[in-house]
Protein chains: 2
Amino acid sequence: MADTARLDATFHALSDPTRRAILARLAREGDVTVMDLAEPFAMSQPAISKHLKVLEKAGLVSRGRDAQKRPVHLEAQPLAEVTGWLIEYRKYWQAQFERLDDLLEELQQLEKLAGKN
Amino acid sequence: MADTARLDATFHALSDPTRRAILARLAREGDVTVMDLAEPFAMSQPAISKHLKVLEKAGLVSRGRDAQKRPVHLEAQPLAEVTGWLIEYRKYWQAQFERLDDLLEELQQLEKLAGKN
DNA sequence: AGTATATATAACTGAATAGTTTTGTACTGG
DNA sequence: CCAGTACAAAACTATTCAGTTATATATACT
């Protein structure tokens, strides 16, 4: 996929709150089945399957196989790419980025506390 | 605007290559008029105006006034917010994030070289 | 074999998107 | 005041989106 098309797909996938919630859950809990993912939402199972397809097309998740289950697995690389895209421009936007500075600093702190791992 | 709606709008705005190109240009060149923005694209002026409206709704740009021109100005804060959203999850995704690590390291370097400003 | 479970696919609907062309509006400068 | 410039708004079209319900497929269980 062309670089720009990958960014299109990733940003589009992230533009929906249901899909962001799915990613967040996968980040917290690891692989989750479709039924389990659907449960907290006021939405049918096929709707969730469709969201998963969008996420999969963006490369944000992959699917496993466990009997009749198809566990959903988070793939972080596209997120790294879009984060990269955003940070790339930071040199130009620098002045307006105090809030990001705070976040980055917090991140550095966390890493220091966690030890170089 | 609700936090989630702001993220929706920002990610959606970023999901189109024309809009990303507009932002990139504003980052490089500062404020630009609509005509100047439209020039490199094989697209009508109203199409660009629509894209600008999307960007404006997401708070990513604001508009000035200079005679009959309405110069477009980059507003970086929503970008900081989405970057924050992405980085937030980094603790969980860490292992898969070598590429982001590189970018962050490069960023640190740039800041060191530029001096604490 | 027959039923239950987990998920996918199909067919449909309504709303939103991205583009077009045409027209309107606001300001400028002779 | 009038022509030109810069832009916005309206009206239209085709495509995509997000959801639905109903049905099909795949695997497991008895």
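In what follows, every chain begins at residue 1, and chains take the letters A, B, ... in the order their sequences are listed.
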message: Run the side-chain hydrogen bond (donor to acceptor under 3.5 Å, both in side chains) test against B:R19 and tell me which residues pass, sequence neighbours left out.
response: B:H51

message: Hydrophobic cluster membership, with links at side-chain heavy-atom distances under 4.5 Å among I/L/V/M/F/W/Y: are A:L14 and B:L7 in one?
response: yes

- prompt: If only atom types and distance count, is the side chain of B:R70 paired as donor or acceptor with the main-chain N or O of B:G64 below 3.5 Å?
  reply: yes

- line: Per atom distances to the A:S49 side chain, the nearest of C:dT7, D:dA9, D:dC7 is C:dT7

- line: For residues 7-32 of chain B, the ring-ring contact (aromatic ring centres under 6.0 Å, His included) pairs (sequence neighbours left out) are B:F11-B:W85

field: Residues which pass salt bridge (charged side-chain N to carboxylate O under 4.0 Å, His left out) with A:R63, listed by chain and number, not counting sequence neighbours
entry: none

Residue pair A:S49 / A:Q45, side-chain heavy-atom distance below 4.5 Å: yes

- prompt: To the nearest Å, how far apart are B:E39 CD and D:dA6 C1'?
  reply: 15 Å

message: Rounded to whole Å, please give me the gap between CG in B:L37 and C1' in D:dC7.
response: 12 Å

message: If I take atom CD1 in residue A:I48 and atom P in nucleotide D:dG19, what distance separates them, rounded to the nearest angstrom?
response: 8 Å

Separation of atom CZ in A:R63 from atom C1' in C:dT9, rounded to whole Å: 14 Å

- prompt: Taking side chain as C-beta onward, heavy atoms only, is A:L55 less than 4.5 Å from A:E75?
  reply: no

field: Distance in angstrom units between B:D8 CG and D:dC17 P, rounded
entry: 15 Å

- prompt: Roughly, in whole Å, what's the span from CG in A:L52 to C1' in C:dA8?
  reply: 11 Å

field: B:E81 backbone acceptor or donor facing B:R6 side chain under 3.5 Å
entry: no

Every protein N/O lying under 3.5 Å from an N/O of nucleotides 24-30 of chain C:
unit_1	atom_1	unit_2	atom_2	d
C:dC27	O2	B:Q68	NE2	3.3
C:dT28	O4'	B:Q68	NE2	3.3

- prompt: With respect to the phosphate group of D:dA26, does any side-chain polar atom (N or O) of A:R70 fall under 4.0 Å of OP1 or OP2?
  reply: no

query: Taking atom types as they are modelled, is there a donor-acceptor pair under 3.5 Å from the base of C:dA8 to the side chain of A:Q45?
result: yes

message: Taking any heavy-atom pair under 4.0 Å as a contact, classify B:M35: base, sugar-phosphate, or nothing.
response: sugar-phosphate

- request: Could you run through nucleotides 14-19 of chain C and give me one letter per nucleotide, 5' to 3': B if any protein heavy atom sits under 4.0 Å from the base, S if only the sugar-phosphate is that close, - if neither?
  value: ---SBB

Which atom pairs, one a donor and one an acceptor, fall under 3.5 Å between side chains of residues 36-44 of chain B and the rest of the protein, sequence neighbours left out?
unit_1	atom_1	unit_2	atom_2	d
B:S44	OG	B:A47	N	3.4

statement: Testing D:dA6, C:dT7, D:dT21 for proximity to the side chain of A:P46, the answer is D:dT21

